[in-house]
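To start, the structure under review is shown below, and the notes come after it.
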There are 2 protein chains.
Amino acid sequence: MASPLARKRISESTIHRLSLYYRTLSLLEKENYETVSSKELAKREKLTPAQVRKDLSFFGSFGTRGLGYNVNELKSKIESILGINRDWKVALIGVGNIGSALVSYKEFAKQGFHIIKLFDNDQRKIGSNHKGIIVSDIKNLDSEIKEAGITMVILAVPATVAQYIVDDVVKAGVTAILNFAPINLRVPPTVHLRNENMSMELEYLSFAMVNNHAPKKSK
Amino acid sequence: MASPLARKRISESTIHRLSLYYRTLSLLEKENYETVSSKELAKREKLTPAQVRKDLSFFGSFGTRGLGYNVNELKSKIESILGINRDWKVALIGVGNIGSALVSYKEFAKQGFHIIKLFDNDQRKIGSNHKGIIVSDIKNLDSEIKEAGITMVILAVPATVAQYIVDDVVKAGVTAILNFAPINLRVPPTVHLRNENMSMELEYLSFAMVNNHAPKKSK
DNA sequence: GTGACCATGTGAAATGGTTCACAAGAAGTA
DNA sequence: TACTTCTTGTGAACCATTTCACATGGTCAC
């Protein structure tokens, strides 16, 4: 059995699949499943049972031979692996198209990501109320982020200003950034950065159609 | 040199990186770069030069030894590989939070993805105007999609109804679907499906923070 | 034209990720 | 208890992707 804390490099794909398992386990829970086998889980994700077992084995042995995994238990194990067994305070910067959609995006809150601060530089937006949150002036970014103890930020600003804001939020102590701007950002090595690029998947689709690439499971 | 039409399986990662190269080439074009080396391109994407050259080599030899790649030319090569050297007519289904943000999302149009039809089942939304497009009743999905010759659809509806709509759009002749609903959809093998799961990247961030996973380049 | 330099394109090697195959553990049955 | 059945957990084998390393071919200065 692998120790939960074994310092082994876990692949990005494994983590992404844990997210999928988590979502499916939540569903199984609602459907009142007691247990689930790697076979069943694999079927739902269009993966192989071995893949599922291997992914989980990096973190421990959570199953029972002959029986499978206890749905509740596995779900909560994955929660703690992914770090979503707690509440995250998140600031959202840029209350434009994407930004305002994200404020209302329920999946985030479901998994413990709570947007508690909104920032913008547009005077018409500052002071306005989105889902109970008042939009702050981006000038107050530093103090408000520090005060609220926020370490995670969603960036939904135009590409032209994204880097400046990144520099600022990093100074304010943020260590995780989810970036929606179509630009490559620079962050210090201590800061985690992920990019959400919605065109990418459309481009993959058009590639697949044009080249008659065999349809495959999606990421 | 690999023939552009060699039937070799191209990896998903390679295609995603082409998207990145494309974006950066557009930028370089604006910055009036004539040529770019694999080294420079790699630096901007935080990849290795060999990776860049290998990716491109699957599709042909586009560079000049001693000089690098012509920015304009490479950009247009990638455009045709990705199938974005043409206009795609896209229908967007579900004009809620996410949906209405996507209508205004400029990156799509920039790359040739034109949302020309909106559908919803909410009487209050049907008939309303979003960026010049009138929201249609989802009841007319089949006829309107066929009539407009749409083959690509963005799905931004609640998870509970997503599968029904997928079945309908497939019947209407759609062969590519970008799904934002947090659910695993079933499509026939002839239909391309990609999922956009915005929670996944946040979960990756929280995993990285909690496990002190060395920050790495983002996808 | 010649020489120095540079960066591509690509086999081969190395690395990393997925699948196989099976020993071993647990549950249920008689 | 003994037997059957089921499914996990995991080394080993396999396959895919990335990186290395270098021959090749082109540019540019003089």
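Any value given below was found using the heavy atoms of this structure, including those in side chains, with hydrogens, waters and symmetry copies removed. Here is how names work: the chains are called A, B, and so on, in the same order as the sequence lines, proteins then strands, and each is numbered from 1.
As rounded to whole Å, 15 Å separates atom C1' of D:dG26 from atom CG of B:Asn70. Rounded to whole Å, atom P of D:dA16 lies 10 Å from atom CZ of B:Arg9. To the nearest angstrom, C1' of C:dG17 lies 15 Å from NE2 of A:His16. With rounding to whole Å, B:Leu56 atom CG is found 10 Å from C:dG9 atom C1'.
Residue pairs satisfying the side chain to side chain donor-acceptor pair (under 3.5 Å) criterion with at least one member in residues 82-94 of chain B, sequence neighbours excluded, are listed as follows: B:Asp87-B:His114. Contacts classified as side chain to side chain donor-acceptor pair (under 3.5 Å) and involving residues 169-181 of chain A (residues at least two apart or in different chains) are given here: A:Asn179-A:Asn195.
Residues passing the ring pair (Phe, Tyr, Trp, His ring centres under 6.0 Å) test with A:Phe108, sequence neighbours excluded: A:Tyr105. Applying the side-chain contact (heavy atoms from CB on, under 4.5 Å) criterion to A:Ser11, with sequence neighbours excluded, gives A:Ser13, A:Thr14. Under the rule for a side-chain hydrogen bond (donor to acceptor under 3.5 Å, both in side chains), A:Glu73 has no partner lying at least two apart in sequence or in another chain. By the side-chain hydrogen bond (donor to acceptor under 3.5 Å, both in side chains) test, B:Gln51 is found to be paired with no residue, residues two or more places apart in sequence or in another chain being considered. Not counting sequence neighbours, the partners of B:Phe207 by the ring pair (Phe, Tyr, Trp, His ring centres under 6.0 Å) test are B:His213. In this structure B:Asp142 satisfies the side-chain hydrogen bond (donor to acceptor under 3.5 Å, both in side chains) test together with B:Lys146, sequence neighbours excluded.
Within a 6.0 Å radius of NZ in A:Lys77, no more than 12 heavy atoms belonging to other residues, nucleotides or ligands are found.
For the contact set between residues 29-38 of chain B and DNA chain C, defined by any heavy atom under 4.0 Å, the members are B:Ser37, B:Ser38.
At least one side-chain heavy atom of A:Ile145 sits less than 4.5 Å from a side-chain heavy atom of A:Ile150.
Between B:Glu29 and B:Arg23, no side-chain nitrogen of the basic residue sits less than 4.0 Å from a carboxylate oxygen of the acidic one, so the salt-bridge criterion is not met. A salt bridge does not link A:Glu12 with A:Arg17: none of the charged nitrogens is closer than 4.0 Å to a carboxylate oxygen.
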Show me the protein contacts with nucleotides 19-22 of chain C, counting only N or O atoms at under 3.5 Å.
{"from": "C:dT19", "atom 1": "OP2", "to": "A:Thr48", "atom 2": "OG1", "distance (Å)": "3.2"}
{"from": "C:dT19", "atom 1": "OP2", "to": "A:Gln51", "atom 2": "OE1", "distance (Å)": "3.3"}
{"from": "C:dA21", "atom 1": "N6", "to": "A:Arg53", "atom 2": "NH2", "distance (Å)": "3.3"}

Expected rows: protein N/O vs nucleotides 3-5 of chain C N/O, under 3.5 Å:
none

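The listed nucleotides are C:dT8, D:dG9, D:dT17; the one nearest the side chain of B:Ser11 is D:dT17.
Residues A:Ala176 and A:Val191 share a closest heavy-atom pair of N-CG1, 4.4 Å.
Listed pair A:Tyr69 / D:dG9 meets the phosphate criterion, a side-chain N or O lying under 4.0 Å from OP1 or OP2.
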Per-nt protein contacts along nucleotides 25-30 of chain C (heavy atom under 4.0 Å; B base, S backbone sugar-phosphate only, - none) come out as BS----
